Amino acid sequence: MSYYEIQGGRPLSGALAVHGAKNSVLPILAACLLVSGQNVIHNCPDLSDVSATLDILRLLGCRVEREEDTVTIDASGLNRWDIPEYLMREMRSSVIFLGALLARLGTAELSYPGGCELGPRPIDLHLSTLRALGAEILEEQGALCCRGRKKSLQGREVCLPIPSVGATENAMLAACGCPGLTTIVGAAQEPEIVDLQNFLQAMGAQVRGAGTPTVSIQGGVPLHPARYRVMGDRIAAATYLCAAAAAQGEVELTGVSPDTLTAVLACLKEAGCVLRTGSDRIALTCVGPLRGISAVRTAPYPGFPTDAQAILMAALAGGEGATLFEENIFASRYRHVDELRRMGADIQLAGRAAMVSGVGRLHGAAVRSTDLRGGAALVVAALGAEGTTQVSELRHIRRGYQNLDRNLRSLGAEIREIP
Ligand code: UD1
């Protein structure tokens with residue numbers, strides 16, 4: 001089992017280009033199924049979740065080629081609509097293929113998706129919105145059998161009781177294949193949804209409103225292949241910023257819009273970091289320990305992202321002063337806390353609240369990634385800690401970070417992968 005060995009306490013300095021966003025490239029790759037012909041996707045990160053998505057596309061009959069960060073997908077040869085369990089369990093976002101297959105073929109057969117262990121992650125909203133668009137979905141022995149019978153699919157108003165990112169994206173994709181107007185009311189407003197809209201528009205789709213609670217799609221219009229550049233990954237950016245805050249130093253990130261990270265940047269500033277931003281760059285300087293800040297409450301965008309909760313917590317745990325966290329999106333998103341405690345963190349849990357009392361400096365320990373962002377949080381903690389930390393279960397981290405160790409080394413961190 002490979003692990004990272006990290007010698008903490010080395011200040012970070014230098015510049016880094018942030019890779020493309022995992023959470024927008026996954027639905028964009030699924031959207032490539034909507035047309036015959038060659039789509040070209042630039043800034044496609046090399047992540048295990050992306051490889052799993054490309055495997056699904058190949059299995060369905062697509063031609064997939066990768067050259068560095070450009071991926072070419074040709075879905076002209078699409079000849080299957082069923083995705084076997086071994087591919088579906090790789091990641092939860094594979095459920096996005098339901099909407100894409102339905103739009104293109106009117107039929108899909110999937111098993112229930114896998115993914116990070118963050119407590120119950122139902123897909124009821126995905127299914128109810130697709131049903132509202134006329135899809136007939138049977139749930140049998142862990143499988144989802146979805147028939148749209150092209151003529152029963154019809155654009156309609158669909159309402160989401162919670163702004164689910166995945167359900168919004170699934171509905172947008174399915175709606176492209178439903179004749180008439182679909183209006184998604186209560187849509188999630190995450191920047192990745194705007195990115196998906198931009199790609200769909202590049203394909204000729206008539207989609208508007210992404211980034212607001214109402215997204216509308218005039219479905220059934222002819223689409224064509226497109227060339228598109230995926231936005232920068234705001235959560236990877238948050239990770240590198242928190243790493244520089246925990247270890248101190250001065251870093252500049254490029255390829256990410258600060259507008260997508262307002263809530264995280266406000267916290268880092270309150271904790272004592274100095275930030276300078278440009279249209280697609282963020283520079284952070286941190287000298288001296290981080291201070292405790294006002295309560296960090298995770299919320300749908302533009303609120304504080306749940307994906308950055310563990311990462312910021314790790315940085316503040318090694319600072320000074322107390323900070324209250326409240327996790328409002330997922331039930332089990334404190335699995336990293338026990339591991340941070342092994343490094344000396346003082347964190348009290350009570351339901352959805354976590355009270356973090358900065359201990360001044362964490363210390364090295366052998367710790368285990370519990371999930372994707374929890375694993376990244378341990379790396380952040382280790383960079384600021386005294387002594388050596390071993391972070392194992394790297395498979396979680398590889399789902400969402402390309403070359404995390406190499407990038408941190410380029411900033412002066414002492415981190416290496418032990419095979
Ligand atoms: C996406 C992101 C993930 C991020 C999350 C919240 C991707 C690939 N993943 O996940 O990194 O942490 O948004 O910003 O984009 N829910 C239901 N029923 C459903 C669907 C969701 O009850 O059918 C609930 C979930 O349990 C959760 C909340 O809605 O409590 C938000 O989840 P959702 O926005 O759907 O997250 P994902 O799309 O899975």
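Here the structure is a predicted model, which is why all the values come from computation and not from measurement. Whatever order the structure lists ligands and atoms in, that order sets their numbers, starting from 1.
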I'd like to know if the side chain of Asn328 and the backbone of Thr298 have a donor-acceptor N/O pair within less than 3.5 Å.
yes
Sub-4.0 Å atoms of ligand 1 with respect to non-hydrogen atoms of Arg333
12 (O)
So if I count the atoms of ligand 1 from 1 in the order they appear, which ones are less than 4.0 Å from some heavy atom of Ile329?
27 (C), 30 (O), 31 (C)
Taking atom CZ of Arg208 as the centre, report whether more than 12 heavy atoms of other residues, nucleotides or ligands fall under 6.0 Å from it.
no
With respect to atom 34 (O) of ligand 1, which of Leu160, Thr168, Val165 exhibits the smallest heavy-atom separation?
Val165
Might you point out which heavy atoms bring Cys62 and Leu33 nearest each other, and give the distance in Å?
SG-CD2, 3.6 Å
What part of Thr306, side chain from CB on, backbone N/CA/C/O, both or neither, has a heavy atom under 4.0 Å from ligand 1?
side chain
Going by heavy-atom distance to atom 35 (O) of ligand 1, choose the closest among Ala21, Ala188, Ser164, Ser24.
Ser164
I'd like to know whether ligand 1 has Glu192 as a neighbour, heavy-atom separation below 4.0 Å.
no
Ile162 heavy atoms, cut-off 4.0 Å: which ligand 1 atoms fall inside?
22 (O), 24 (C), 29 (O)
Taking only heavy atoms of Gly166, which atoms of ligand 1 are found under 4.0 Å from at least one of them?
35 (O), 38 (O)
His336 and side chain to side chain donor-acceptor pair (under 3.5 Å): which single residue from Gln309, Arg373, Arg368 fits?
Gln309
Would you mind telling me if ligand 1 is within reach of the side chain of Tyr301, the backbone, both or neither, using heavy atoms under 4.0 Å?
neither
Hey, which of Arg399, Arg234, Arg333 is the one that makes salt bridge (charged side-chain N to carboxylate O under 4.0 Å, His left out) with Asp307?
Arg333
Polar proximity ligand 1 side, Asp307 side, N/O cut 3.5 Å exclusive
yes
Any N or O on Asn23 sitting closer than 3.5 Å to an N or O of ligand 1?
yes
Say whether Gln309 and ligand 1 are in contact under the criterion: heavy-atom distance to a ligand atom below 4.0 Å.
no
Search all heavy atoms of Val264 against all heavy atoms of Ala238 and return the closest pair with its distance.
CG1-CB, 4.1 Å
Would you mind listing which atoms of ligand 1 come within a distance below 4.0 Å of any non-hydrogen atom of Ser93?
8 (C)
Might you point out which heavy atoms bring Thr129 and Ala167 nearest each other, and give the distance in Å?
OG1-O, 4.3 Å
Contact between ligand 1 and Pro122 is defined here as a heavy atom of the residue under 4.0 Å from a ligand atom; is it met?
yes
Evaluate the side chain to side chain donor-acceptor pair (under 3.5 Å) criterion for residues Thr182 and Arg156: first the C-alpha distance (whole Å), next the side-chain angles of each, then the deciding distance (0.1 Å), finally the verdict.
CA-CA 4 Å; Thr182 295; Arg156 283 194 182 86; over 6 Å; no
Set out, in order, the CA-CA distance, both residues' side-chain angles and the distance that settles side chain to side chain contact (heavy atoms under 4.5 Å, CB included) for Tyr401 and Thr239, then state yes or no.
CA-CA 10 Å; Tyr401 295 89; Thr239 307; 2.7 Å; yes
